[in-house]
Participant: 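Shown below is the structure under consideration.
Computed from heavy atoms alone, side chains included, the values below leave out hydrogens, waters and symmetry copies. Chain identifiers are assigned alphabetically (A, B, ...) following the order of the sequence lines, protein sequences preceding nucleic acid strands; residue numbering begins at 1 within each chain.
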There are 2 protein chains.
Amino acid sequence: MSDGDDLVALLAALASPHRLRILAALAAGRTYVSELARRLGMNRPLLYMHLQRLEAAGLVTGELVTAPDGSSVKYVEAVPFALALDLDAITRAAQTLTDKER
Amino acid sequence: MSDGDDLVALLAALASPHRLRILAALAAGRTYVSELARRLGMNRPLLYMHLQRLEAAGLVTGELVTAPDGSSVKYVEAVPFALALDLDAITRAAQTLTDKER
DNA sequence: TGGGGCTGTCATGGTTTCCTGACAGGGGGC
DNA sequence: GCCCCCTGTCAGGAAACCATGACAGCCCCA
């Protein structure tokens, strides 16, 4: 349901310099969170939030890997996608927008 | 300069139910502001703000038409566009992001 | 002179987003 | 014991965004 709402969510997830950088970094291969934070030079809690947004939008997947020694590392990786947008697509999407939930 | 920043601005402009509805309405043809506000059932100042965002992103153009009798009406119309986005495109765009303006 | 239509802008709240420092917990190696 | 690395969550404040009502200005028609 609500294809249009999904589009809005996807666009909102992409409309952020930080998140674009995150996706670009992940396009090169998967890493774990702390390493990614270091590479991008951003606060880890901040990165966390953005990763959650990206994951909620289905653009990223996370996997918590626990080594045999018990220490755990969370690997995160980008989900391939393709988006094509023009006025027609928007017109179609707008018809499936939820009026006003809640 | 800063192709990536433009992309972010474009995405941000599109990531809104209201603005998608506005674009959908304009895709059917140009109208003037008050009429559009009536058709979409939204506050005129609110519509104004959203139109400004869309115009700033280059998705819409406005033209203030002054009739021979002196009364003026602002016609607004959607600018055709096409956007194709995937991980590669994002990787490229991310490289042209402004670090931290201001 | 009043009423209606249109365009713009403003002051004002109310949310939401964004970002940071701090903390708790787990595990390792000196 | 101390130090370092990892994960996850929280409180709190700054900043941006949304949305509304009200106003001033201009025009027409009756």
Participant: Please indicate whether A:Phe81 has more than 12 foreign heavy atoms, meaning atoms of other residues, nucleotides or ligands, lying under 6.0 Å from its CZ.
Facilitator: yes

Participant: So does B:Ser34 get a side-chain nitrogen or oxygen closer than 4.0 Å to the phosphate oxygens (OP1/OP2) of C:dT7?
Facilitator: yes

Participant: Taking atom C1' of D:dT7 as reference, at what distance in whole Å does atom CZ of A:Arg44 sit?
Facilitator: 6 Å

Participant: Looking only at side-chain N and O atoms, does B:His18 come under 4.0 Å of OP1 or OP2 in D:dA19?
Facilitator: yes

Participant: Give a yes/no on whether any side-chain N or O of B:His50 is located under 4.0 angstrom from OP1 or OP2 of D:dC17.
Facilitator: no

Participant: Ignoring backbone atoms, establish whether B:Arg53 has a side-chain N or O less than 4.0 Å from OP1 or OP2 of D:dA16.
Facilitator: no

Participant: Using whole Å, what does the distance between atom C1' of nucleotide C:dG27 and atom NZ of A:Lys74 come to?
Facilitator: 19 Å

Participant: Using a 4.0 Å heavy-atom cut-off, does B:Met49 contact any base of the nucleic acid, only the sugar-phosphate backbone, or nothing at all?
Facilitator: base

Participant: Less than 4.5 Å apart, side chain to side chain, heavy atoms only: is that true for A:Thr31 and A:Leu26?
Facilitator: yes

Participant: Could you state the OH-P distance from B:Tyr48 to D:dC18, rounded to the nearest angstrom?
Facilitator: 18 Å

Participant: When you measure from the side chain of A:Asp86 to the backbone of A:Asp88, do you find a donor-acceptor pair of N or O atoms at a distance under 3.5 Å?
Facilitator: yes

Participant: Does B:Leu14 reach the side chain of A:Val8, with side-chain heavy atoms less than 4.5 Å apart?
Facilitator: no

Participant: From CG of A:Asn43 over to P of D:dC10, roughly how many Å is that when rounded to an integer?
Facilitator: 17 Å

Participant: Round to a whole Å and report the spacing from CD of B:Glu35 to C1' of C:dT7.
Facilitator: 15 Å

Participant: Taking OH from A:Tyr32 and P from D:dT7, how many angstroms apart are they, rounded to a whole number?
Facilitator: 7 Å

Participant: Whole angstroms only, please: what is the CG-P distance between A:Leu46 and C:dT20?
Facilitator: 6 Å

Participant: Please confirm whether the backbone N or O of B:Leu36 pairs with a side-chain atom of B:Arg44, one donor and one acceptor, at under 3.5 Å?
Facilitator: no

Participant: Please state how far atom CG in A:Leu51 lies from atom P in D:dT9, giving the value in whole angstrom units.
Facilitator: 13 Å

Participant: Let me know, please, whether A:Arg19 or A:Pro45 comes out on the 5' side of the other along DNA chain C by nearest nucleotide.
Facilitator: A:Arg19

Participant: Taking the nucleotide of DNA chain C with the nearest heavy atom to each, does A:Asp69 or B:Ser72 sit closer to the 5' end?
Facilitator: B:Ser72

